[in-house]
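First up is the structure itself, then whatever we jot down about it.
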Amino acid sequence: MTFKTTLLAGLAACAFALPAFADITIEDAYARSSGMMAKAGAAFFTIHNSGDEDDQLIDATSDIAKVTELHTHKDMGDGVMKMLHVPEGFTVPAHGMHALARGGDHVMFMGLLKPMNQGDIVTVTLTFEKAGDITVEIPLDLERKEMDMPMEHDHSQEHKHD
């Protein structure tokens with residue numbers, strides 16, 4: 001094989017080996033905590049899937065906290081919302097999207113290793129079933145105003161999962 005043939009074969013193999021992450025995009029990402037002394041924080045964003053197959057966000061990792069997990073809120077009745085770990089993750093439908101938003105699904109940072117300061121950047125690696133790992137640089141925005149769903153949850157306590 002000549003160098004040119006080898007190079008073209010290598011480029012063709014790379015083109016076919018590209019993971020589906022080109023189908024997954026992350027938009028409007030931000031992270032926050034409740035303040036300088038907070039022991040926990042969260043990240044929120046919208047996942048878009050332009051692919052022809054559903055994908056599943058199955059994990060998230062970050063070096064900002066001792067534990068990083070996918071979480072949601074569940075209405076327990078009587079106006080009480082409970083935060084729960086979602087080990088199976090979140091489905092992102094083909095040609096659709098899934099929002100991780102305050103009061104709903106989110107990436108949870110527990111046991112923060114340093115304060116979350118306005119304007120800092122948190123690096124989070126999202127793991128998808130089909131698209132694989134996608135690393136996202138998420139800005140900390142402690143000033144962003146959005147409606148929170150009412151919940152009884154103390155982020156300074158360790159989480160207990162059902």
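Counting begins at 1 with the first residue of the sequence.
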- Item | D28/R144 salt bridge by N-O under 4.0 Å criterion |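 Salt bridge present between R144 and D28.
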Donor-acceptor check, side chain of [X] to backbone of [Y], threshold 3.5 angstrom: yes or no?
{"X": "H73", "Y": "G104", "result": "yes"}
{"X": "K130", "Y": "D54", "result": "yes"}
{"X": "D75", "Y": "G77", "result": "yes"}

- Item | Candidate pair M110 and K39, rule side-chain contact (heavy atoms from CB on, under 4.5 Å), full reasoning | CA-CA 6 Å; M110 297 173 290; K39 303 267 191 253; over 6 Å; no
Nearest heavy-atom neighbours spanning [X] and [Y]:
{"X": "H106", "Y": "A42", "result": "CD2-CB, 3.9 Å"}
{"X": "F44", "Y": "R102", "result": "CZ-CG, 3.2 Å"}
{"X": "S33", "Y": "L112", "result": "CB-CD1, 4.3 Å"}
{"X": "A60", "Y": "V107", "result": "CB-CG1, 3.9 Å"}

Separation of [Y] [atom2] from [X] [atom1] (nearest 0.5 Å):
{"X": "M97", "Y": "T46", "atom1": "CE", "atom2": "OG1", "result": "4.5 Å"}
{"X": "S62", "Y": "M108", "atom1": "OG", "atom2": "CE", "result": "12.5 Å"}
{"X": "I138", "Y": "Y30", "atom1": "CD1", "atom2": "OH", "result": "11.0 Å"}
{"X": "F109", "Y": "T61", "atom1": "CZ", "atom2": "OG1", "result": "9.5 Å"}
{"X": "M83", "Y": "E69", "atom1": "CE", "atom2": "CD", "result": "11.0 Å"}
{"X": "L142", "Y": "N117", "atom1": "CG", "atom2": "CG", "result": "7.5 Å"}

Check side-chain contact (heavy atoms from CB on, under 4.5 Å) between [X] and all other residues, then give those that pass, not counting sequence neighbours.
{"X": "I26", "value": "I24, A29, F45, I47, L126, F128, V136"}
{"X": "Q56", "value": "I58, T91, E129"}
{"X": "K74", "value": "M76, L84"}
{"X": "P139", "value": "I121"}

With the side chain counted from C-beta on, respond yes when [X] and [Y] share a heavy-atom pair under 4.5 Å apart, and no when they do not.
{"X": "M116", "Y": "R32", "result": "no"}
{"X": "H98", "Y": "L57", "result": "no"}
{"X": "V122", "Y": "L140", "result": "yes"}

Looking at residues at least two apart in the chain, or sitting in another chain, which of them share a side-chain hydrogen bond (donor to acceptor under 3.5 Å, both in side chains) with [X]?
{"X": "T72", "answer": "D105"}
{"X": "T125", "answer": "T135"}
{"X": "E27", "answer": "H48"}
{"X": "T123", "answer": "E137"}

- Message: Is a donor from one side chain sitting under 3.5 angstrom from an acceptor on the other, for H95 and N49?
- Response: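 No - no donor-acceptor pair under 3.5 Å links their side chains.
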